[in-house]
*Asks:* 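Supplied in structure tokens, the structure appears directly below.
Just the heavy atoms: all of them, side chains too, but no hydrogens, waters or symmetry mates, feed the values below. Just so you know, ligand 1 is whichever comes first in the structure, and atom 1 is the first atom listed for that ligand. We number each residue from 1, following the sequence as shown.
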Amino acid sequence: MSGFPSILESINDLTKAHIDSLLERAKALKNKEPSRLPLTRKISVATSFLENSTRTKHSFAMAIKNLEGNYIDFNAETSSLKKGESLAQTLLTLNYQGIDICIIRTSESHILSQFKNHPPIKIINGGDGTNQHPTQALLDLFTLNEYFESIGQKPEGKTITIVGDCRHSRVTHSLIDLLPMYGYKVNIAGPEQFLPETELENIGIFENLEQAINESDALYLLRIQTERHASDNDTSSYYHELWGMSLEKLKKQNKLLPLFHPGPANIGVEVSQTLVDSNLWMAHHQVRNSVYMRMAIIEAMINNEATNIGAIYNDLSGEVSDQNS
Ligand code: CP
């Protein structure tokens, strides 16, 4: 896709037109139309995951295989990064080896911003610290739209409430940027220490779960991200009772809402086993759709016609004028 970014770090790197095209293409791929893939050559895509993953890494691997590309699982732990090589030089090396895109997951927020002016390789953010997880939000948007259309309703004007550890959630940050572009109202609910530290424009904040359920058309549940907490924040004794979702709580409000979750879910904490085993649980649809959305993202980035990837920026040949005279 012409103009598609070479470094997809954040939802804010995309225009509405880019996102419209991704949604359309993911739908066509899911419906197996057109049968021909638009890639004109064999592509090579690597994943470099410096944090654990099941969904993101493996759905990218499936997407690459479905696009008939080479898949390289770059192992940072056994690479020359451990000998002091910089991330930029590592990515340049992958580029010179013929890899087109590297999908990176890291616990360091904003680490990919440095590459935007001079991309060493094309990069897709697979989740960086607490900052952004753009491909997750895009597949969530696709799945939310699909859900509301499946029940004969328009997505525009629907209210999605994100419940749980929003402060430390990169998915939340991407959803807040993305969903309002498509007419969704986004609310956030959770205990005070998990709410955003700063006020967010047009985002409703709830510290009462019953009220949050009442004002929602869908709930988006989150795991408590203890690995990103600065101090010990043991919520295990009260979280499920106060904030965990159960059939009883939904029935009490007379609202059997669809439940979305980026995964991994901690059953018995943010959600009950009964709900995970029920038809309200949308996470399986999110996982299925993730492959189509990630295929669409890879295609768009491959076809973006960028000419500045891995380029040399300091031409020093004129620095010594008379060296041969
Ligand atoms: N949603 C998500 O990022 O899941 P993984 O950590 O399993 O990739």
Side-chain angles (χ1 to χ4, degrees), residues 8-11 22 26 45-66 71-77 101-112 123-144 146-147 160 162-179 186 188 190 194 218-229 245 258-267 269-271 275-276 281-298:
L8 174 54
E9 180 188 32
S10 160
I11 289 296
L22 292 175
V45 181
T47 53
S48 175
F49 274 52
L50 302 150
E51 260 188 20
N52 294 353
S53 169
T54 298
R55 276 147 289 271
T56 311
K57 182 170 170 177
H58 294 107
S59 71
F60 266 116
M62 280 305 295
I64 295 156
K65 285 174 186 174
N66 289 349
Y71 170 57
I72 294 96
D73 182 8
F74 175 79
N75 186 340
E77 285 302 313
I101 299 177
C102 187
I103 298 138
I104 298 178
R105 170 169 288 191
T106 164
S107 54
E108 276 187 64
S109 300
H110 305 286
I111 196 172
L112 304 181
I123 298 172
I124 298 173
N125 183 0
D128 65 320
T130 59
N131 180 35
Q132 285 267 329
H133 195 346
T135 66
Q136 178 69 46
L138 288 162
L139 72 91
D140 292 338
L141 171 65
F142 181 77
T143 313
L144 281 162
E146 190 178 64
Y147 167 75
I160 314 302
I162 308 173
V163 183
D165 188 1
C166 299
R167 184 180 298 185
H168 305 98
S169 163
R170 53 198 177 204
V171 179
T172 300
H173 300 138
S174 291
L175 287 171
I176 285 171
D177 290 339
L178 179 64
L179 296 186
V186 179
I188 279 176
F194 293 162
L219 299 174
Y220 193 104
L221 309 181
L222 295 175
R223 174 179 71 87
I224 301 167
Q225 296 176 56
T226 44
E227 74 274 22
R228 301 191 209 291
H229 295 179
M245 206 53 61
L259 304 171
F260 293 78
H261 195 306
N266 288 146
I267 297 168
V269 184
E270 70 267 23
V271 64
L275 289 178
V276 169
W281 190 241
M282 297 292 134
H284 306 311
H285 297 292
Q286 290 167 273
V287 171
R288 280 197 195 97
N289 288 336
S290 70
V291 177
Y292 305 113
M293 178 50 78
R294 287 175 171 137
M295 286 172 75
I297 294 167
I298 291 169

*Asks:* Measure the CG-CD1 distance between L50 and I104 for me, rounded to the nearest 0.5 Å.
*Replies:* 7.5 Å
*Asks:* Keeping the roles fixed (side chain from T47, backbone from I103), state whether a donor-acceptor pair exists under 3.5 Å.
*Replies:* no
*Asks:* Give every residue pair that meets the salt bridge (Lys or Arg N to Asp or Glu O under 4.0 Å) criterion with at least one member in residues 124-144, sequence neighbours excluded.
*Replies:* none
*Asks:* How would you list, by chain and number, every residue that makes a salt bridge (Lys or Arg N to Asp or Glu O under 4.0 Å) with R228, sequence neighbours excluded?
*Replies:*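 Only E51 meet the salt bridge (Lys or Arg N to Asp or Glu O under 4.0 Å) criterion with R228.
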*Asks:* By salt bridge (Lys or Arg N to Asp or Glu O under 4.0 Å), which residues pair with E270, not counting sequence neighbours?
*Replies:* none
*Asks:* For each nitrogen or oxygen atom of ligand 1, which protein N/O atoms lie closer than 3.5 Å, and how far apart are they, rounded to 0.1 Å?
*Replies:*
| residue | atom | partner | partner atom | Å |
| --- | --- | --- | --- | --- |
| ligand 1 | 1 (N) | Q136 | OE1 | 3.0 |
| ligand 1 | 1 (N) | P262 | O | 2.7 |
| ligand 1 | 1 (N) | G263 | O | 3.4 |
| ligand 1 | 3 (O) | T56 | OG1 | 3.0 |
| ligand 1 | 3 (O) | R105 | NH2 | 2.8 |
| ligand 1 | 3 (O) | H133 | NE2 | 2.9 |
| ligand 1 | 4 (O) | R55 | NE | 3.2 |
| ligand 1 | 6 (O) | R105 | NH1 | 2.9 |
| ligand 1 | 7 (O) | T54 | N | 2.8 |
| ligand 1 | 7 (O) | R55 | N | 2.9 |
| ligand 1 | 7 (O) | R55 | NE | 3.1 |
| ligand 1 | 7 (O) | R55 | NH2 | 3.1 |
| ligand 1 | 8 (O) | S53 | OG | 2.6 |
| ligand 1 | 8 (O) | T56 | N | 2.9 |
| ligand 1 | 8 (O) | T56 | OG1 | 2.7 |
| ligand 1 | 8 (O) | R105 | NH1 | 3.4 |
| ligand 1 | 8 (O) | R105 | NH2 | 3.3 |

*Asks:* OG1 of T172 to CZ of F194: how many Å apart, nearest 0.5 Å?
*Replies:*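 Rounded to the nearest 0.5 Å, the OG1-CZ separation comes out at 12.0 Å.
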